[in-house]
K.L.:
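Could you have a look at this structure, given as structure tokens, before my questions?
Note that the structure is a prediction, hence the values are computed from the model and not measured.
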Amino acid sequence: MKRSRRGTGEELRHEVNDRIPRPLALGLGLQLAALGVNGLVLMPTIVFRAGGAEELVFWGVFASVLACGVATILQGRRFGRIGAGYAFTHVSSAIFIAVSAEALVQGGPGLLATLVVASAVAQAAFSARLSQVHRYLTPVVTGTVIMLLPVTVMPILFDMLNELPAGAPAYAAPLSAGVTVATILGVAVKARGALRLWAPAAGLVAGSLVGAFFGIYDSGLVAEAAWIGVPDGRPPGLDLGFGPAFWALLPAFLLVALIGSTKSVAVAVAAQRVAWRRPRAVDYRAVQRTVAAEGAANLLAGMAGTMPNTPNAGAVAAVEVTGVAARSVGVAAGLVFFVLALLPKALAAIFAIPAAVVAASIAVVMATLFTVGMREAVRSIGTNPRNGLIAGVSFWTGVALEFELIFPAFFAEFAGGLLSNGLTAGALVALLLTALTARRKSQLTGVLDVAELPRIREFIQSFAGRHGLEAAVGRLEAASEETLLTLIQSRETADEEEEAPDGGKRGLLLTAHEEDGEAVLEFRVGAAGADELNLQDRLSWLGEQTRATRVEHEISLRLLRHLASSVRHQQFHDMDILTLRVDAAAASGSRSA
């Protein structure tokens with residue numbers, strides 16, 4: 001049965017595991033690569049121009065295209081625990097523009113390379129510990145940081161709007177920029193379907209044509225470029241001096257890297273949503289592999305001396321339009337990037353675009369990015385009004401410190417100038433306030449064993465008594481018991497399939513808290529290994545022929561579905577997290593009945 005595709009009226013023709021003809025994969029790979037060319041080439045161009053490293057632009061873009069090609073193939077092919085196994089491309093990351101340009105200004109390409117490598121290591125660590133770390137990057141934190149990113153990069157773009165070649169008329173830049181913005185907005189607002197994806201490209205072409213008319217498009221650069229080859233230059237090497245500039249910029253790089261990885265998590269989740277005909281729970285092991293591949297690609301980018309890259313959300317939209325999610329399309333797109341890197345004339349055609357046109361197109365993207373962050377923060381405010389205070393205070397603190405509006409002399413010296421960067425300051429304030437307002441959870445530590453049931457019942461009764469949930473005690477105890485049995489049975493199934501004896505009991509962490517009239521129980525245990533099928537999916541597919549064929553297992557699942565208002569199973573490489581919500585009001589009503 002094919003899944004109807006909301007918004008397009010089409011159906012998914014090929015799932016992620018399907019084999020498709022090579023000509024079809026190549027054609028769709030070309031299309032997927034074309035959607036990312038703007039971000040792939042223009043972002044490093046802006047960074048190296050704004051950082052005063054004009055002579056390194058060609059090398060920076062060449063290295064960036066190669067790194068993105070490697071990342072795209074890694075994501076499609078999957079090598080061990082690196083690569084999602086889904087079709088999406090990588091592009092140079094817009095959120096790194098400000099910090100990358102600042103690194104070039106303060107320490108040159110060597111400092112940029114060192115900071116990019118440091119951020120890649122942080123992303124690798126984030127991937128390995130995603131099960132513990134991701135809960136601290138709440139929507140209010142990520143939303144605030146995303147709103148601050150345009151604030152820090154817009155001054156760079158506004159300076160580029162005023163750049164003009166010698167002898168060019170003064171009105172050439174504003175006219176070219178105006179046509180670029182008008183075209184992008186016109187296509188984005190009026191076009192439908194796949195045409196909207198081409199709005200930035202249409203704006204760049206229109207602005208470049210106006211620039212060529214006024215003589216500010218550098219056609220000579222295109223004419224002089226070779227058809228095939230590698231640009232002059234070499235990797236700058238790492239700056240291992242670790243001076244004041246490194247320590248001042250390191251927190252900003254690490255924070256932006258974590259935020260970038262958080263957005264990569266969102267892309268990986270979205271890719272899974274559109275890659276299967278039959279809806280299924282998110283596999284967070286694939287999400288971990290996505291972030292690991294991002295870290296590997298950025299390690300390569302840092303060693304090559306260019307800016308970081310990140311998964312492109314536009315690739316997910318392309319699946320919605322084409323109805324093809326086969327991973328071979330992503331591999332083909334990565335190969336296209338490799339070919340593009342070896343075509344200097346094609347790259348030169350993009351380098352030659354006037355600075356005002358490039359800045360105008362990126363400014364529109366940055367304005368959109370601000371609304372993305374605002375929407376993320378506002379969504380969290382709806383569930384907790386205190387988040388509005390956190391977002392507002394953090395954002396305006398970042399703005400004030402970025403533009404030196406409050407106590408500039410003090411903050412320039414405080415902690416080596418750490419808080420002189422608005423992005424760093426705002427993010428730190430958001431993290432601190434979020435930690436101070438976090439809800440405390442009751443917790444129980446034990447092992448995954450039936451012998452723990454008496455302790456779990458005692459824990460549940462104590463928790464319910466403290467939160468006025470006595471009427472739900474029976475339901476909570478029954479739900480906890482069925483959950484424990486289900487997890488134990490899943491482990492036994494995994495051990496049998498691996499043909500390996502149980503090497504010991506897995507640790508169990510049970511936490512409980514009350515939220516919106518519901519009791520929320522979270523079971524954290526070591527990963528089950530070979531048991532690939534998600535328990536959340538098993539609950540959805542009860543009654544069908546699955547690997548959960550044991551009668552006692554199916555009975556536990558049916559009881560669990562009856563007792564809990566919702567069940568969420570998150571599978572990581574190092575941990576399984578099963579979250580139950582039990583409606584206290586429903587439990588009270590059933591008892592009174």
Side-chain angles (χ1 to χ4, degrees), residues 16-17 71 73-86 88 90 120-137 257-258 260-273 275-276 280-299 310-311 327 330 445 447-448 483 486-511 522-538 547 567-579:
V16 62
N17 290 329
I73 292 175
L74 281 176
Q75 298 290 18
R77 288 286 298 173
R78 178 188 167 187
F79 297 88
R81 291 193 177 184
I82 300 179
Y86 289 84
F88 50 78
H90 272 233
V121 173
Q123 288 174 319
F126 179 81
S127 167
R129 291 291 178 263
L130 183 63
S131 58
Q132 290 94 7
V133 178
H134 82 290
R135 57 179 174 171
Y136 296 109
L137 294 175
L258 290 177
S261 295
T262 301
K263 304 311 292 181
S264 300
V265 169
V267 173
V269 170
Q272 294 186 52
R273 299 291 191 202
W276 305 97
R280 58 178 64 195
V282 174
D283 183 357
Y284 281 90
R285 293 166 295 188
V287 175
Q288 284 182 283
R289 296 194 300 268
T290 298
V291 180
E294 181 183 22
N298 286 335
L299 179 62
T310 192
R327 60 171 56 95
T445 303
V447 294
L448 191 64
T483 300
T486 299
L487 290 171
I488 291 173
Q489 291 161 356
S490 294
R491 177 56 189 256
E492 291 173 350
T493 302
D495 288 339
E496 290 175 4
E497 292 182 1
E498 292 174 351
E499 297 182 355
D502 192 351
K505 299 298 182 183
R506 286 186 290 164
L508 168 67
L509 175 63
L510 171 59
T511 64
E522 184 179 271
F523 291 77
R524 288 175 168 258
V525 295
D531 189 19
E532 294 290 334
L533 191 57
N534 187 284
L535 294 176
Q536 188 175 333
D537 287 334
R538 289 184 176 183
R547 293 193 302 171
V567 178
R568 185 187 185 196
H569 186 194
Q570 296 171 286
Q571 293 174 292
F572 298 88
H573 284 299
D574 60 327
M575 184 178 296
D576 279 6
I577 303 175
L578 196 63
T579 306

K.L.:
Does T310 offer a backbone N or O that forms a donor-acceptor pair with the side chain of E294 under 3.5 Å?
P.N.:
no
K.L.:
Can you list the residues that meet the side chain to side chain contact (heavy atoms under 4.5 Å, CB included) rule with I73, with sequence neighbours excluded?
P.N.:
R77, L335, F338
K.L.:
List in chain and number order the residues that pass side chain to side chain contact (heavy atoms under 4.5 Å, CB included) with R327, two or more places apart in sequence or in another chain; answer none if no residue qualifies.
P.N.:
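V16, N17.
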K.L.:
How close do V291 and Q123 get, counting heavy atoms only, and between which atoms?
P.N.:
CG1-O, 3.5 Å
K.L.:
Rounded at 0.5 Å granularity, tell me how far CD in Q288 sits from NE2 in H573.
P.N.:
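It is 5.0 Å, given to the nearest 0.5 Å.
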K.L.:
Determine the minimum heavy-atom distance between R78 and G83, stating which atoms define it.
P.N.:
CG-O, 3.4 Å
K.L.:
Hey, could you give me the CG/OH distance between D283 and Y86, rounded to the nearest 0.5 Å?
P.N.:
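Here the interatomic distance stands at 6.5 Å.
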K.L.:
So which atom in I577 and which in S131 form the shortest heavy-atom distance, rounded to 0.1 Å?
P.N.:
CD1-O, 4.1 Å
K.L.:
Drop me the distance from H90's NE2 to L74's CG, to the nearest 0.5 angstrom.
P.N.:
8.0 Å
K.L.:
Nearest 0.5 Å please: distance from the OH atom of Y284 over to the CG atom of D576.
P.N.:
13.0 Å
K.L.:
Kindly indicate, with the supporting measurements, whether the criterion side chain to side chain contact (heavy atoms under 4.5 Å, CB included) is fulfilled by V287 and Q272.
P.N.:
CA-CA 9 Å; V287 175; Q272 294 186 52; 3.7 Å; yes
K.L.:
Give, for atom CG of L509 and atom CG of L448, the distance between the pair rounded to the nearest 0.5 Å.
P.N.:
12.5 Å
K.L.:
Which heavy atom of A120 sits nearest a heavy atom of G295, and at what distance?
P.N.:
CB-O, 3.4 Å
K.L.:
Taking A257's backbone N and O only, do any of them form a donor-acceptor pair with S261's side chain (distance below 3.5 Å, no angle check)?
P.N.:
yes
K.L.:
What's the separation between atom OG1 in T290 and atom CD1 in I82, rounded to the nearest 0.5 Å?
P.N.:
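Between atom OG1 of T290 and atom CD1 of I82 there are 12.0 Å.
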